[in-house]
Amino acid sequence: MLARARLRLDWGRWVGLKPGGLVNETRLNLATKPGWQRLKAEDLRHMAAQAMRVPIEEVRFFYGDEDLVIDAHGQATIRHRKDAFYVLEDGTFESARFMSCMGAMHWDQIDFLPVVELFKSLLPGTGSAAFELIRGLYDDQNEGQPSPRPLRYRGIPTYPSDAAFRLFSNFFTAHAPSGGDPIALFMDPSRSHQIAWLPAPAPPLRYFDEAHRVGVTVQGEVLLKATCADDPMGLSYVNPKGRRMVAWDRSAVIAGGQLKLSDRDDLKEVPLSPALARLPSSPEVPPPSPIDWRSVFAPAVPTVPPAEVFGAVLLYPQDETPAGELAAQPFVADYLQDLAEQDREIGQIVVRAARLLIDNGDAVISTCVPFDRPRDVVAHIRHPAFAIKQAQQLWTVCAELQRWEWLQRARFMLAPATAPFESHDLVYAWIPYAEFDQGSAVTARVRALVQRMAAGGNAFIVGPARVGDEIGRAGAQLCWEEAVERLPTFAMHKTILPKAKLRSGLTLFHARRA
């Protein structure tokens, strides 16, 4: 039985996996239900299936009798066990910090592919490293068998995506019934379980060059990617074969026994072991994109230790410790994005805004930018590692849309003590937690934000409850306010981590300047 595992990522960081590391409990009082003494675990399964609107077979698969207990007083306890991923700060479980979770695997007899939750919290490379472990144990368990055990994608519920399909396909091959389209079938949540996954003939293999601090991933005779642990951009280099454009203009090719890593005009060469040097030569590197993602930074990309950039993901406590300042930002940004689609007034505010200011929103800059037309976007940043990831995300969206002029009008700058005066149609602002209990600081912050709002402009401000009064004193109109803990996006988060909490009094305000 697997007790726990350590997984090494491409850039050298260690993450941990602990089966059953996250257990969520639900308690029900059945004593008022007539005949409760006759209820069994199977009855609780039927109740759970009805409540969650999932087939009873799925509930039976994930909830054993030990997870469904009714005591002598009619109190029922339902436990949902999940396998937990941890960041190992010093490489050991003594420094473990909760990162993410997935459906509890049957590690002694792997029989399904899991749903990963909080996938945006995964450090880069965690998914591939976890599937290396899954595939390795699967191969050991199927050795000597006449045919390998087919796997299904299972979870309550499943979240099929292109990224999940690509990850699975690296290690297993999708087979659709009756020769259908595997991708189309997989992307339908009601039918994704119909795909049978069988072992791919050549799963990815990783090689680590300790001397040059480079990790190389190869599949069969094909170089997939290379990652340098000391890379301040926090990105891998990928094989450009078959691509008209390489992500972030970073390509990896093999030529003359050397690994050649290109980042626009920069070239880095790394000697390869004889085994890797014999791989077929990669194609030539395609021309760079019209705009470098780093160009959004004024005057230049901040200098940040590589480990901080690679590690710039949002982590959430699994206990009742309040989520951090950056980690709380997506609950608001995602809510406002949904609101703009559902509420005509808010939608018009966003559509009409030509000049945006994002102040201290370093985890959600790309979420705040509508990608429907060119806009002037200014971001005052305080957490450079996260801002770097947001700039890379902006580049990705503009590359998909082939709208490079939109990227040209974005400017990221370290938040100055006194920012130059600019007028903005729409402001997104998060007051730093460090200022929440400083009355004069909150007053000055709100006044400065209102001054940067154009006449008729709007602002969404997140801060302590007293911000509502400060908005009126600063000469703007308070349109409405809502506690962040009551937003539906946070409610969704609590379905994964029921103990989740936010800083007390954290509130979203909508302000308008006359």
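All values reported here derive from a predicted model rather than from experimental measurement. Throughout, residue positions are numbered sequentially from 1 according to the sequence presented.
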Other residues, nucleotides and ligands only: do more than 12 of their heavy atoms fall within 6.0 Å of CZ on R447? no
Using only heavy-atom distances, determine whether the side chains of E325 and N360 contain a donor-acceptor pair under 3.5 Å. yes
Compute the centroid of each ring, for F436 and then for Y433, and state whether the two points are separated by less than 6.0 Å. yes
Is R466 reaching over with its side chain to a backbone N or O of G439, donor-acceptor style, under 3.5 angstrom? yes
Consider only side-chain N and O atoms of Q390 and D362, and report whether a donor and an acceptor are under 3.5 Å apart. no
Do the charged groups of R355 and D376 touch, with an N to O distance under 4.0 Å? no
Between W14 and Y86, is the ring centre distance below 6.0 Å? no
Mind telling me whether Y428 and W430 have parallel, tilted or perpendicular rings, with 30° and 60° as the class edges? parallel
Just wondering, do V369 and I358 contact through their side chains at under 4.5 Å, heavy atoms? yes
Before we go on, tell me: are the rings of Y153 and F112 under 6.0 Å apart, centre to centre? no
Can you check whether N170 reaches R166 side chain to side chain, under 4.5 Å on heavy atoms? no
Can Q337 and T367 be counted as having a side-chain donor-acceptor contact under 3.5 angstrom? no
F460 ring center near H510 ring center (under 6.0 Å): yes
For the pair D319 and R97, find out whether any cationic side-chain nitrogen is under 4.0 Å from an anionic carboxylate oxygen. no
Is the shortest heavy-atom distance from the side chain of F172 to the side chain of R135 under 4.5 Å? yes
Does E58 have any salt bridge (charged side-chain N to carboxylate O under 4.0 Å, His left out) partners at least two apart in sequence or in another chain, and if so, which? R154
Candidate pair Y316 and F331, rule ring-ring contact (aromatic ring centres under 6.0 Å, His included), full reasoning: CA-CA 12 Å; Y316 297 91; F331 303 129; 5.7 Å; yes
Between R375 and D425, is there a side-chain N and carboxylate O pair less than 4.0 Å apart? no
Any side-chain heavy atom of M187 sitting closer than 4.5 Å to one from D162? yes
Does K40 offer a backbone N or O that forms a donor-acceptor pair with the side chain of D43 under 3.5 Å? yes
Let's go through E25 and R79 carefully: what are the C-alpha distance in whole Å and the side-chain angles of both, what is the deciding distance for salt bridge (charged side-chain N to carboxylate O under 4.0 Å, His left out) to 0.1 Å, and is it a yes or a no? CA-CA 5 Å; E25 291 190 352; R79 298 185 179 91; 2.8 Å; yes
Quick one, I471 with V446, criterion side chain to side chain contact (heavy atoms under 4.5 Å, CB included). Give me CA distance, side-chain angles, the key distance, then yes/no. CA-CA 6 Å; I471 288 172; V446 174; 4.0 Å; yes
Is D372 paired with R403 through a side-chain N to carboxylate O contact shorter than 4.0 Å? no
Tightest non-hydrogen contact, residues A415 and H380, listed as CB-CB, 4.0 Å
Nearest heavy-atom approach of L426 to A353 is CB-CB, 3.7 Å
Taking the inter-plane angle between the rings of F61 and H106 on a 0 to 90° scale, is it parallel (under 30°), tilted (30 to 60°) or perpendicular (over 60°)? tilted
Look at the side chain of S169 and the backbone N and O of F165, then say whether any donor-acceptor pair between them is shorter than 3.5 Å. yes
When you measure from the side chain of E481 to the backbone of F509, do you find a donor-acceptor pair of N or O atoms at a distance under 3.5 Å? no
Any side-chain heavy-atom pair from I365 and F386 closer than 4.5 angstrom? no
Side chains of V450 and V427: does their closest heavy-atom pair fall under 4.5 Å? no
Is the shortest side-chain heavy-atom distance between V378 and D359 below 4.5 Å? no
Side-chain donor or acceptor of R81 paired with backbone N/O of G103 under 3.5 Å: no
Verdict with supporting geometry, E435 and R382, salt bridge (charged side-chain N to carboxylate O under 4.0 Å, His left out): CA-CA 14 Å; E435 297 179 1; R382 290 175 175 79; 5.7 Å; no
Using modelled atom types only, decide if a donor and an acceptor are shared between the side chain of S100 and the backbone of E117 within a distance under 3.5 Å. yes
Report yes or no: does R411 contribute a side-chain atom to a donor-acceptor pair with the main-chain N or O of V377 at less than 3.5 Å? no
Can you tell me if R53 has over 12 outside heavy atoms packed within less than 6.0 Å of its CZ? no
Identify the heavy atoms of N29 and Q75 that sit nearest to each other, and give their distance. OD1-NE2, 2.9 Å
Looking only at side chains, do D231 and W11 share a donor and an acceptor under 3.5 Å apart? no
Give the intermediate values and the outcome of side chain to side chain contact (heavy atoms under 4.5 Å, CB included) for residues H493 and L502. CA-CA 11 Å; H493 178 75; L502 297 171; over 6 Å; no
Does NZ or CZ of R13 come closer than 6.0 Å to the centre of the six-membered ring of F310, within 45° of the ring's axis? no
Between R6 and F93, is NZ or CZ placed under 6.0 angstrom from the six-membered ring centre and within 45° of the ring axis? no
Give the intermediate values and the outcome of ring-ring contact (aromatic ring centres under 6.0 Å, His included) for residues W197 and F168. CA-CA 8 Å; W197 295 89; F168 295 173; 5.5 Å; yes
Carefully, step by step, assess E482 and R486 under the rule salt bridge (charged side-chain N to carboxylate O under 4.0 Å, His left out). CA-CA 7 Å; E482 187 67 67; R486 290 202 293 265; 3.0 Å; yes
Do you know which two heavy atoms are closest between F62 and D67, and how far apart they sit? O-OD2, 3.9 Å
State whether the number of non-hydrogen atoms from other residues, nucleotides or ligands found under 6.0 Å of Q50 atom CD is greater than 12. no
Does either side chain, that of E470 or that of T443, offer a donor lying less than 3.5 Å from an acceptor on the other one? yes
Would R445 and I461 satisfy side chain to side chain contact (heavy atoms under 4.5 Å, CB included), going step by step from the backbone distance to the final call? CA-CA 10 Å; R445 178 77 59 184; I461 304 172; over 6 Å; no
Is any side-chain heavy atom of V442 closer than 4.5 Å to a side-chain heavy atom of P464? yes
Heavy-atom neighbours of M52 CE exceed 12 at 6.0 Å: yes
I'd like to know if R452 and E422 make a salt bridge, using a cut-off of under 4.0 Å between side-chain N and carboxylate O. no
Expected output: side-chain Q348 to main-chain E345 donor-acceptor under 3.5 Å: no
Around K499, counting heavy atoms of other residues, nucleotides and ligands shown, do more than 12 lie under 6.0 Å from its NZ? no
Scanning both residues in full, the closest heavy-atom pair of H46 with R60 reads NE2-NH2, 4.0 Å
Pair W404 + W395: ring centers closer than 6.0 Å: yes
List the atom of L2, the atom of P19, and the distance in Å for their closest heavy-atom pair. O-CG, 3.4 Å
Quick one: does T495's side chain have a donor or acceptor within less than 3.5 Å of a partner on A491's backbone? no
Stepwise side chain to side chain contact (heavy atoms under 4.5 Å, CB included) check, F85 with T126: CA-CA 9 Å; F85 289 103; T126 301; 4.0 Å; yes
